[in-house]
Each structure stands twice: as C-alpha cells, then as structure tokens.
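Structure first, commentary second.
For the numbers below, each heavy atom of this structure counts, side chains included, while hydrogens, waters and symmetry mates do not.
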Amino acid sequence: MPEDLTFQILDVSYEVEAGRPVIEIWARDDKGRRIVLLDDSFRPYFYALLEEGQDPSAVSAAVRRLSKPRSPITGVDLVEARYFGRPVKALRVQTVIPETVRDYREEVAKLPGVKEVLEADVRFSIRYLIDKNLYPMRWYRASGERVQRNDFVVDAVYKLSSDLAEEPSLADVDPLEGLRIMAFDIEAYNPQGSPNPSRDPVVVIGMAFNDGEKVQLQAKGHDDKDVLREFVELVRRKDPDIIVGYNQNSFDWPYLLERAKVNGLKLEVGRKRGAEPSPSVFGHISVQGRLNVDLYNFAEEIEEVKVKSLDEVADYLGVMPKDKRVNIEWWKIAEYWDSPERRGLLLAYNVDDVTSTLGLAYQFLPFGAQLSQISGLPLDQVAAASVAFRLEMRFMREARKLGELVPNRKEEEARAFETYTGAIVLEPKPGVHKDVAVLDFASMYPSIMVKYNVGPDTLLKEGERCERENQAPGVGHRFCADRPAFFRRVLERFLKWRAEVKAAMKKYPGGSPQYRLLNERQRAIKVLANASYGYMGWAAARWYCKGCAESVTAWGRELITKAVSIARSLGLQVYYGDTDSLFVANEPEKVSRLIEEITKGLEFDIKVDKVYSRVFFTEAKKRYAGLTADGKIDIVGFEAVRGDWSELAKETQANVAEIVLRTGDVRKAIEYVKAVINDLRSGKANVEKLVIWKTLTKGLDEYEAEAPHVYAARMMEKLGFKVDVGSKIGYVIVKGEGPVSRRARPYFIVKPTEIDYNYYIDKQVVPAALRILELFGVSERELKSGARQASLFDYLGKKGG
DNA sequence: TCCTTCTGCTTACC
DNA sequence: ACTGGTAAGCAGAAGAC
C-alpha cells in the first residue's frame, strides 16, 4: 500500500545494488521521522554532440557497438537541443552503472562524427537532483511503499512510487526548524608540536546539541579507545541531522578516522550501517545520511576577520566574547592534559570551543540553508563549494529547463592564461574634505549583463550578424540582442525573485524569525547574482567567456566615466571613485540631479550609499578614512584594516585617524603617537600586539625569496609543528644582526626582552601613523624626537579633561 | 658599499 | 585547487657605480 509522504530533502546519495544504481533520498517527514526514499528507476547518461551534417543513425550504431556487459548501453536517442543558444543535434547515451560513464565518455568522444561529449562529468546524485528539479532543504510530497531494510539507520525506508512535487505551503517555513544539530570538537594529545594521529590519542571530545545537551568525553590517560567508542554511540543515540564543527573536514574527521583505525574500531557515525565518513568533493567529508557542515567554510567568507580562529570569529559575531572564555594555546594541550591542576582548564576550553561552534551554527546555517534551497547543492556541499560552483549549479538547472546542453568544465591549464582590462580607479584628491556623498551603482556588473544581453551564447563571432546588436566600447565585442541571453534570463529571474522576497519582508517586523528567514534568502540570491561577472572570467567555468567579462568591465568603465562628466558638468566636485562608486561633494540638489541624469539618461540605478561629514585621502588609491554622518569611523584599505600588520601599528593608526577626523587636532595625534613610541622604547608593549600574521600561499620549498614569515614557518616546522599551504604564521622580530627575515621568530617562543622594539617603532608604528600624518606635514623625525615623558595614560587623561 | 630599481609576496578594494 | 582585475607597500634580490 503506497503511503502519501510529505518530507524535506536533506541529502541525496546512491548505491549500486544488484548491478543497478539506486538513488537514496535522505529526508525527514512532517511527522518528525527520518526517512529514506529509494528510487531505482534513474539511470546515468550523457550526450554526444554530433558534427554538423552527420548521419545520426551511423553514429548511433557505432555508439551501441561500444556497449559492454558489465554496464550495457541501454539507450541511444537522438535529441534536438540547444548549445550556447544555437540549435544542435545530439545523441543521448544511457547506461546503467554511473562509474562506467567515464569510460564510455572517452570512447564515444573518439568516434567519427562526434564533436564533443557533454554532461558526462555531472555526478550521478547531483544529476538526479537536477533532472527531477529537486532542491535540498525544500519540502516535497510523494507516495512511497514501505520496505524493510536494516542497512539504513532511520525510522522508515520507502520505495518511491510517484514523482516528487514541491509542497508550496511549506516554502516559507524555516528549513532548520525541527532539525537536530550536533556540534563537536576534539582535542588531540600533542607532546611534540602538531599531533600525529598514528601516535597521539584524542584526549577530549566535546559535543553540544541544539536540544541543550552537552557531553564531554575524556580519554583514560593516553588511551582513547573508549572515547572513540562512546563518541560513535552518542552520535547514533542523538541521531543528528546536521553535524557541525570548525575545520573538522581538515582536522577532526581525518584525525578520528585514523585513531579509529589505530584502535581497530570503525567510525560508524552515518545513517547507513558500515559506512564511515569519507572524502567527497570540494575537500568536504561526507557522513552518510547526515549533513556534515564545516563552519570554517562560512567563516572564510568574513573578510573583516583576519585571523579566522574559532575564538576570533565567535568574538566578532558576538557568539562568545574572547575575554569571557577560556583560552589556552593549542600547542600546549598535552601539557594541560598531563597536569592534574590544569586539566580542568583544558576541559573548560573544549566546552567553550564546542559551545562557540554551536553558536556559529545558529549564525551561519540559516544562510547556508537558503543557499542550498536556491543553488540546489546539499547543505554540506554548498558550504564547502566556492561562490562560482554554487552559481554554476543553479546555471545547470536553468540550462536544463531551457533545453540547453551544459558545456564541459575545462581544465584550467588547457586554456591559455589570458587576462583582460578591469575597472577604473579614479585618482583621489588628497586632503581632508567635508561633507562628501558616496554614490554607488546598484549591482553594476549584473545590470550591465542584463542591459546589454551579455553571454557566451549572444557573443557574436567575426562576420556573424544580428538585427539588433550591442557593441562594447573600446573592446569591440558585439552581442546579439535579438534573443535573451542565458545569463540574462537567469539574472532577471534572480532580480525578480529578490524583489518579491524583499516585498514579503515588509509584512513582518524586523527581527522576527520570518523576517530573518526572508532576509537570508534575499542575501543568498544577491550573493549568487553578484558572482555572475566573476564567473564568466573564471577560466575553469563551464560558461567561461573572456570576451563577455572584458565587455562588462568596458561598459563599466564607460559608465563611471560618463557619471564623472555629468557630475563635473553640474559643478559637483569629484573626490574619488572605484569601479562603481563616486565620491562627490554633498550638495543635495546637485546630487539629486546627478542621480536623475544617470538613472534617466544612462539607464542605470545609482543611489547615495553613505555621507561622510569628514573624509580624507592620501595620494594612494583604495585607501581612505571617513567619519560618517552618524558618527562612525570608516577605515578603508589602510594598514589598520590589513591582517599583515602588528596589532599595535594598526591600533595606533586607527586612533590617529580617529583623532584627526573627530577633532582635527593634529598635535593631539602627534602626542599620542609619541606616547606609543615611548612605551615601546621602555619595553612596555604587550608582545601579543607585536605579532605579525602572514599566510603561506605555497609550500615552504617553493619560495624564491626568504620572507620573514617563511623563515619563521621553517622554524616552526623544525619545532614539530605542521605548517601547510594556507597556514597563518604569526611572527615577531627579535634583536640581532642581519636581515629582518632572519630575525623573525614564531611569536610563541619569544620572551619580551628579546624583541627588537626599534623594528616596531621604525617599521610598524611610525610608518603606519605617518601614512596619515604625512598629509599634515608631520615628519618621521617629529614623531621620533623630543621624546617627552608622556604615556598613553597621560594622553587619555588629557582627552578626558 | 651605497643607493636605486626590480621582483616576489601578501592582502586590501570593488 | 575551485570567480575577476586594480592597487599598495614591505623585504629581498639584482643592478649600478
């Protein structure tokens, strides 16, 4: 008896059973049950694009002859489709076992009459989602027949007996409502720098659940067998739908897997018997039937936070203030574990970490769930995927709806490295300026793409003609305007959808759960739409189109240049501009006219983004600081907002900027800097504030030059720490002879007395302060000489009085 | 050996 | 491994004398 089911799709996987693939839809239903729906009717396939004028039946016969018994070719059908907007003929080649598509692809590609093999590189479970038009995290209805299966650890397993239909009444329900979330974090014993999983045990595992329960497992001395066993047991008992961690794809899971192996255990934490977590796409680790989400992936997208450790990110997001938690240096974990007095601190540290992780989940997952609902990638993958992949997934779905064949992903090396001209940055007018309005074009690049119908399918080749054409200025590319471009269709849909969501938001009070849900949704749409330009210029993109990207920036340059001319013709002073922004004198009437002329004349939307009551520029582009009308200080581009300067230099510069902007009192700023210098001279500075952080962008042996952070990283390696591409190296400069790089040390091995304070004065604090003060004629000598016995305390005292 | 210029490297802006 | 170009600025390397 088939049952009617209403359920939310969480993930999709497949397994080959008895020589045929079975799709497994992991879901939870409206009764709160965790269920699996099986579909054994779906088969892998790909397309063979035919050369023009080819006899399809001859090619078809040749394809059929390739069939092998293990996975026979079960269908070769001629289809009329479109490829880059143009009508084409292709053969749809179907087989049985997904893994064999790869072999057939190679052989079919070699057949005479076959121009290209398409869509053979789309993974089978994703193929299913695309073809059935299913979006993870959304709700569907279907009927299914209950089957008895004890290889699945779920409440019920069904064999699908109908198609899935989206359930519109549940479209605006919070997709996370009712889902079980588990955060976890392990502490590994590390007596020699970085822990080695083949040797060092897991000493603590912390787990926090969204039902409020918290559990902490501890090793017995240096034996972690029971910890691992209890961990598996707990995961299965609490049965979370979503497992979150911080960097668990690179650390916790691989470590646990290795420890399980060493202990002769199996890490059966999935919803399928016998299955252990396993590496999947995008460096992601997949846990069968659960969504394993590495929150570090979301943290990476916050550019305001430079050092993306869990404590920093949690602090920034207000999840857990840094000064209200236990912080211990991670390389001392073994020391804490072995010390009876300090072990408690390690345990508290672990609790804070896992609590922060769950807190981060509440911050990030609502957005992630929307990205999943919109892009069509399962939540665990959408987190790990790049912005371009998320967009591409949606493109593939749209292509299918339009009967367009999906181009192949190209190997980046296969294309010649080609760059093109980008945006314009206007020369800033140095000095302090009062009352400056910042105008911003709304979504400039997507708007250009829509207006001029830009896309690989509308880009005209030499000699091709269309009735209506748009020609990009300067670069010459022409785009056919007779039919809507593929990108345009998708972008227009996004724009319309976003407008609807924003309209719906108005019905709810700000801060209400429904408001927040819709807000995350409109944000996710915006993020995807804004990625479209960069996507076209990405050499590995399926819809790569250098000419398109080049044309978009050309129109962008024309647009901002015209806007500047209009501003000048209105008598408006232009101070600066970058890509799609314009800093002009805030004369309301003229600004309104400027906006009107751009909106009506150039047909692009532009609006006042913010107003600075004071803003200053040096001669450098991409750097300025301003005081907004509501009293906030903005610092853009300067050292104060860079991650590769010491905290002390950044803080000094930020304070100098603030003093100058708020009071206009340069003397005060000079006195302040002098006080900082004096503190340094007397060795009063806090070592933590002197650490300089830099990222290793390649392997240690690939560096040509011996930069300070490379030197410090080599030293760390010798000390037993694992340093990799992407590692953030924190170093300080110590006293001594020779180049700076040779005097760089990992910050945690340095005593305050060893620090070269002069380096910090000459190369950090003074240059950072001078970057701003130079504008007012202040010299280096002035800052460093006449060292008055003032301290920061004196300065603050004066400020107060 | 001193000084300048170039290159490598990293990270900001949009 | 995984969107684009533009730009600043440090430190080291190479070139100039």
Just the rounded figure in Å: distance from [atom2] of [N] to [atom1] of [X].
| X | N | atom1 | atom2 | answer |
| --- | --- | --- | --- | --- |
| M393(A) | dT3(C) | CE | C1' | 15 Å |
| R123(A) | dC2(C) | CZ | P | 18 Å |
| E300(A) | dT11(B) | CD | C1' | 15 Å |
| N297(A) | dC2(C) | CG | P | 12 Å |
| D578(A) | dG5(C) | CG | P | 15 Å |
| Q653(A) | dA12(B) | CD | C1' | 12 Å |
| D609(A) | dC14(B) | CG | C1' | 12 Å |
| D121(A) | dC2(C) | CG | C1' | 14 Å |

Steps toward side-chain hydrogen bond (donor to acceptor under 3.5 Å, both in side chains) verdict (Y612(A), D634(A)): CA-CA 9 Å; Y612(A) 287 118; D634(A) 273 352; 2.7 Å; yes
List the residues meeting salt bridge (Lys or Arg N to Asp or Glu O under 4.0 Å) with E780(A), not counting sequence neighbours, and say none if there are none.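 Salt bridge (Lys or Arg N to Asp or Glu O under 4.0 Å) list for E780(A), sorted by chain: K784(A).
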Side chain of [X] (C-beta onward), nearest among [options]:
| X | options | result |
| --- | --- | --- |
| W538(A) | dC14(B), dC2(C), dC9(B) | dC2(C) |
| V425(A) | dA7(C), dC9(B), dC14(B) | dA7(C) |
| K694(A) | dA8(C), dT11(B), dC14(B) | dT11(B) |
| Y420(A) | dC9(B), dG5(C), dT3(C) | dG5(C) |
| Y533(A) | dC2(C), dG5(C), dA7(C) | dG5(C) |

I want to check one thing: is the phosphate of [N], taken as OP1 and OP2, less than 4.0 Å away from some side-chain N or O of [X]?
| X | N | answer |
| --- | --- | --- |
| K546(A) | dG4(C) | no |
| T695(A) | dT11(B) | yes |
| T421(A) | dG5(C) | no |
| K622(A) | dT6(C) | no |

Considering only heavy atoms from C-beta outward, does the side chain of R542(A) approach that of M396(A) to under 4.5 Å?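 A side-chain contact under 4.5 Å exists here.
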Heavy atoms only, 4.0 Å cut-off, all strands: where does [X] land among base, sugar-phosphate and nothing?
| X | answer |
| --- | --- |
| V636(A) | sugar-phosphate |
| A549(A) | nothing |
| Y445(A) | nothing |
| V641(A) | sugar-phosphate |
| G534(A) | base |
| Y624(A) | sugar-phosphate |

Under the rule for side chain to side chain donor-acceptor pair (under 3.5 Å), what residues qualify as partners of E492(A), not counting sequence neighbours?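 By the side chain to side chain donor-acceptor pair (under 3.5 Å) rule, E492(A) matches R488(A).
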Apply ring pair (Phe, Tyr, Trp, His ring centres under 6.0 Å) to the pair F251(A) and Y296(A), showing each step before the final yes or no. CA-CA 11 Å; F251(A) 181 71; Y296(A) 180 70; over 10 Å; no
Option among F395(A), Y535(A), W538(A) that satisfies the ring-ring contact (aromatic ring centres under 6.0 Å, His included) test with F389(A):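 Among F395(A), Y535(A), W538(A), the one meeting ring-ring contact (aromatic ring centres under 6.0 Å, His included) with F389(A) is W538(A).
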Which dot-bracket string describes DNA chain B (Watson-Crick N1-N3 plus N6-O4 or O6-N4, or G-U N1-O2 and O6-N3, all under 3.5 Å; [ ] crossing; | other strand)? |.||||||||||||
Do F617(A) and Y624(A) make the cut of ring centroids closer than 6.0 angstrom?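 Yes.
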Which atom pairs, one a donor and one an acceptor, fall under 3.5 Å between side chains of residues 302-309 of chain A and the rest of the protein, sequence neighbours left out?
| unit_1 | atom_1 | unit_2 | atom_2 | d |
| --- | --- | --- | --- | --- |
| K306(A) | NZ | E303(A) | O | 3.3 |
| K306(A) | NZ | V641(A) | O | 2.7 |
| K308(A) | NZ | I302(A) | O | 3.3 |
| K308(A) | NZ | V305(A) | O | 2.6 |
| S309(A) | OG | D311(A) | OD1 | 2.7 |

Contact string for nucleotides 9-14 of chain C, one letter per nucleotide 5' to 3', B = base within protein heavy-atom range under 4.0 Å, S = sugar-phosphate only, - = neither, reads SSSS--
Hey, is E603(A) close enough to K451(A) for a salt bridge, meaning N to O under 4.0 Å?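 So E603(A) pairs with K451(A) through a salt bridge.
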Donor-acceptor list for residues 374-384 of chain A side chains, cut-off 3.5 Å, not counting sequence neighbours:
| unit_1 | atom_1 | unit_2 | atom_2 | d |
| --- | --- | --- | --- | --- |
| S375(A) | OG | L371(A) | O | 2.7 |
| S375(A) | OG | L377(A) | N | 3.2 |
| D380(A) | OD2 | H284(A) | NE2 | 3.4 |

With a cut-off of under 6.0 Å to the ring centre and 45° to the axis, is K698(A) in cation-pi contact with Y703(A)?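 Geometry flag: set, cation within 6.0 Å and 45°.
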